[in-house]
Amino acid sequence: MLGWFAGHRALGTLASVSDLLGALREGDFGMRGRVRPGYDPLQDLIADVNLLSDELREGRRKRTETSRFLGKTLIALGDPVFVVDDEDILRLINPSARKLIGAERSAVIGRDLKPLGLAEVLAAPDNAVFNWRFHGGSGRWSIRRATWHSDGREHRLVMLRDLSLALGEEERRAWQRLIRVLSHELNNSLTPIGSLAGSLSTLLAARGVDETREELQLGLEVIERRAASLARFLSGYGKLARLPPLQLRAFRLDRVLARLAVLDQRLPVAVGGTEAVTICGDEDQLTQAFINLLRNAVEAALPVSGSVRVDWRMEGRHVRVVIEDRGIGLPSSDALFVPYFTTKPEGSGIGLSLTRMIVEAHGGTVDLSPMTDAPGAVATVRLPLGD
Ligand code: ADP
């Protein structure tokens with residue numbers, strides 16, 4: 001009788017365990033088995049299933065929180081974000097991305113990228129920059145990508161960034177800077193010209209020409225100097241603002257550089273490069289760009305009797321030109337390429353910005369950095385050889 005009772009109870013316990021496991025399978029982690037006091041391995045089993053249920057419930061809570069956090073983060077992100085699986089099916093999209101492609105979330109989730117016209121753009125490599133026209137806006141975009149595995153499948157997270165917005169901000173700052181410099185420069189010249197002219201004419205009226213000759217002479221000289229400085233400034237401004245369109249044709253860059261090396265009478269420039277380099281570009285503008293860099297190098301070397309050297313070498317379909325000077329070194333400023341930044345009393349501050357505009361118009365880059373092993377600076381220009 002006792003045996004039958006024990007067996008019956010064991011069966012009852014196993015049935016509860018089975019119910020509990022069934023609930024867990026269904027995702028119901030709230031059910032609990034009642035554990036009777038006293039030693040009984042089957043009761044331990046119920047206690048273990050209860051523990052398992054607690055852990056699963058906790059795990060689900062954390063997962064829900066994490067995905068809610070991720071969802072909120074994606075919504076808050078101003079940049080468009082797409083999540084795509086390994087078969088190019090769109091799995092997630094944030095509101096900015098939805099706005100960009102002009103589609104309802106429900107209409108695009110679970111759909112193939114190709115008919116959505118996104119396959120090509122979302123396949124671009126990490127950090128790529130490209131121009132693209134979307135339904136909700138066109139412009140210059142950069143792409144960031146990350147991959148991870150979920151449910152045994154690879155997923156891609158693709159984030160786009162509208163570079164034209166960043167450029168717009170940069171452009172606005174450049175204009176502000178330019179207007180500040182323009183008004184500063186105009187004031188610097190026009191105020192003394194105006195007040196000198198006023199006081200000279202008062203003097204003239206009071207004392208006559210003979211008595212005022214010396215002051216007149218001095219005053220006119222100041223007016224002339226200020227006017228010349230204003231003209232210099234405006235001609236620099238004109239050069240920057242009206243860079244003519246590129247006239248591309250093939251020419252020997254090595255010959256241009258060798259010629260420029262002997263152009264500056266103040267200091268001979270050593271020539272390291274020997275390779276012949278034919279490049280397709282605007283010879284006049286590139287010549288101007290290299291004149292600016294060489295002149296800066298010479299002007300940095302002169303005060304310390306330093307030296308300047310120009311070198312070049314091919315790098316695949318590019319040429320790298322390096323102008324090294326053992327000169328006074330770069331000023332500690334991150335504004336070297338900003339128009340009108342100058343540390344020279346007679347400087348215009350447009351040499352480097354003009355150089356950068358010309359080199360970038362050719363699809364190249366220009367960089368100016370301190371020498372690492374000695375005082376001085378290194379200007380590096382990298383240009384594509386072109387067709
Ligand atoms: P500018 O020569 O008229 O001053 P740039 O735009 O050519 O105008 O140069 C801006 C400034 O950058 C210079 O005034 C100088 O302070 C600094 N600079 C440029 N090249 C060098 C160099 N090789 N060594 C030291 N300073 C340099």
Side-chain angles (χ1 to χ4, degrees), residues 170 173-175 177-182 184-186 188-189 225-226 228-243 257 260-273 284-312 320-362 364-383:
E170 192 45 42
R173 273 206 293 271
W175 276 112
R177 218 156 39 213
L178 184 61
I179 289 167
R180 253 202 320 271
V181 176
L182 271 173
H184 174 82
E185 203 67 19
L186 288 175
N188 263 1
S189 299
R225 271 206 306 276
R226 295 309 320 172
S229 130
L230 196 57
R232 209 167 44 234
F233 173 81
L234 287 177
S235 94
Y237 173 69
K239 273 190 205 153
L240 270 186
R242 287 192 297 272
L243 199 62
L257 292 172
L260 294 182
V262 292
L263 196 69
D264 202 321
Q265 304 290 313
R266 297 172 292 177
L267 189 84
V269 172
V271 178
D284 288 345
Q285 290 194 21
L286 284 174
T287 302
Q288 186 59 52
F290 286 110
I291 286 180
N292 294 344
L293 294 177
L294 284 164
R295 191 179 44 215
N296 278 341
V298 168
E299 284 171 3
L302 280 174
V304 290
S305 307
S307 58
V308 177
R309 176 188 168 89
V310 55
D311 215 331
W312 59 87
R320 177 188 292 265
V321 181
V322 177
I323 296 166
E324 282 181 359
D325 69 73
R326 312 246 154 194
I328 51 174
L330 297 172
S332 59
S333 164
D334 53 9
L336 299 186
F337 285 89
V338 169
Y340 303 111
F341 172 88
T342 180
T343 53
K344 303 173 191 168
E346 294 288 285
S348 67
I350 63 146
L352 287 179
S353 23
L354 192 62
T355 300
R356 176 169 275 176
M357 275 173 75
I358 294 172
V359 170
E360 288 185 351
H362 283 80
T365 55
V366 53
D367 181 56
L368 189 61
S369 45
M371 288 274 264
T372 45
D373 55 342
V378 192
T380 309
V381 176
R382 196 163 179 273
L383 283 167

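Note that these values count all heavy atoms, side chains included, but never hydrogens, waters or copies made by symmetry. All ligand and atom numbering here is 1-based and tracks the order in the structure.
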Is it true that the side chains of Gln288 and Asn292 contain a donor and an acceptor less than 3.5 Å apart? yes
With a cutoff of 4.0 Å, is Leu330 in contact with ligand 1, counting heavy atoms of the residue only? yes
State the CG-CG distance between Leu263 and Leu257, to the nearest 0.5 angstrom. 12.0 Å
Taking 4.0 angstrom as the limit and counting only heavy atoms of Gly329, give me the atoms of ligand 1 inside it, by number and element. 25 (C), 26 (N)
Enumerate the atoms of ligand 1 whose separation from the nearest heavy atom of Gly347 is less than 4.0 angstrom. 3 (O)
The residue among Asp311, Val378, Val308, Val310 that forms side-chain contact (heavy atoms from CB on, under 4.5 Å) with Glu324 is Val378
A student comparing Leu293, Asp325, Val308, Thr342 should find that the heavy atom closest to atom 4 (O) of ligand 1 comes from Thr342
Under 4.0 Å from a heavy atom of Leu368: give me the atoms of ligand 1 that qualify, with their elements. 19 (C), 20 (N)
Quick one: which of Thr343, Leu294, Leu352 has a heavy atom closest to atom 16 (O) of ligand 1? Thr343
Residue, atom and distance of the protein heavy atom nearest atom 2 (O) of ligand 1 read Lys344 NZ, 2.7 Å
Going by distance only, is there an N or O of Pro331 that falls short of 3.5 Å from an N or O of ligand 1? no
Just jot down the ligand 1 atoms closer than 4.0 angstrom to any heavy atom of Ala377, in number order. 23 (N), 24 (N)
Working note: Ile323 + Leu294, criterion side chain to side chain contact (heavy atoms under 4.5 Å, CB included); need CA distance, chi angles, decisive distance, verdict. CA-CA 7 Å; Ile323 296 166; Leu294 284 164; 3.9 Å; yes
Please could you name the atoms of ligand 1 that Gly349 approaches to less than 4.0 Å, counting only its heavy atoms? 1 (P), 3 (O), 4 (O), 6 (O), 8 (O)
List the steps and the verdict of side chain to side chain contact (heavy atoms under 4.5 Å, CB included) for Asp325 and Val298. CA-CA 7 Å; Asp325 69 73; Val298 168; over 6 Å; no
Within ligand 1, which atoms have a heavy atom of Ala300 less than 4.0 Å away? 22 (C), 24 (N), 25 (C)
Nearest heavy atom to atom 20 (N) of ligand 1: which of Asn296, Thr355, Leu336, Ile328 does it belong to? Asn296
For Gln285, what residues pass the side chain to side chain donor-acceptor pair (under 3.5 Å) criterion, not counting sequence neighbours? none
Checking a contact table here: which protein heavy atom is nearest atom 10 (C) of ligand 1, and how many Å away? Phe341 O, 3.2 Å
Can you measure from CG (Leu368) to CZ (Phe337) and round to the nearest 0.5 angstrom? 5.0 Å
Working for side chain to side chain contact (heavy atoms under 4.5 Å, CB included), residues Val381 and Phe290: CA-CA 9 Å; Val381 176; Phe290 286 110; 3.9 Å; yes
I'd like to know whether Leu383 forms a side chain to side chain contact (heavy atoms under 4.5 Å, CB included) with Leu286, so could you lay out the CA-CA distance, the side-chain angles of the two residues, the decisive distance to 0.1 Å, and finally the verdict. CA-CA 10 Å; Leu383 283 167; Leu286 284 174; 4.0 Å; yes
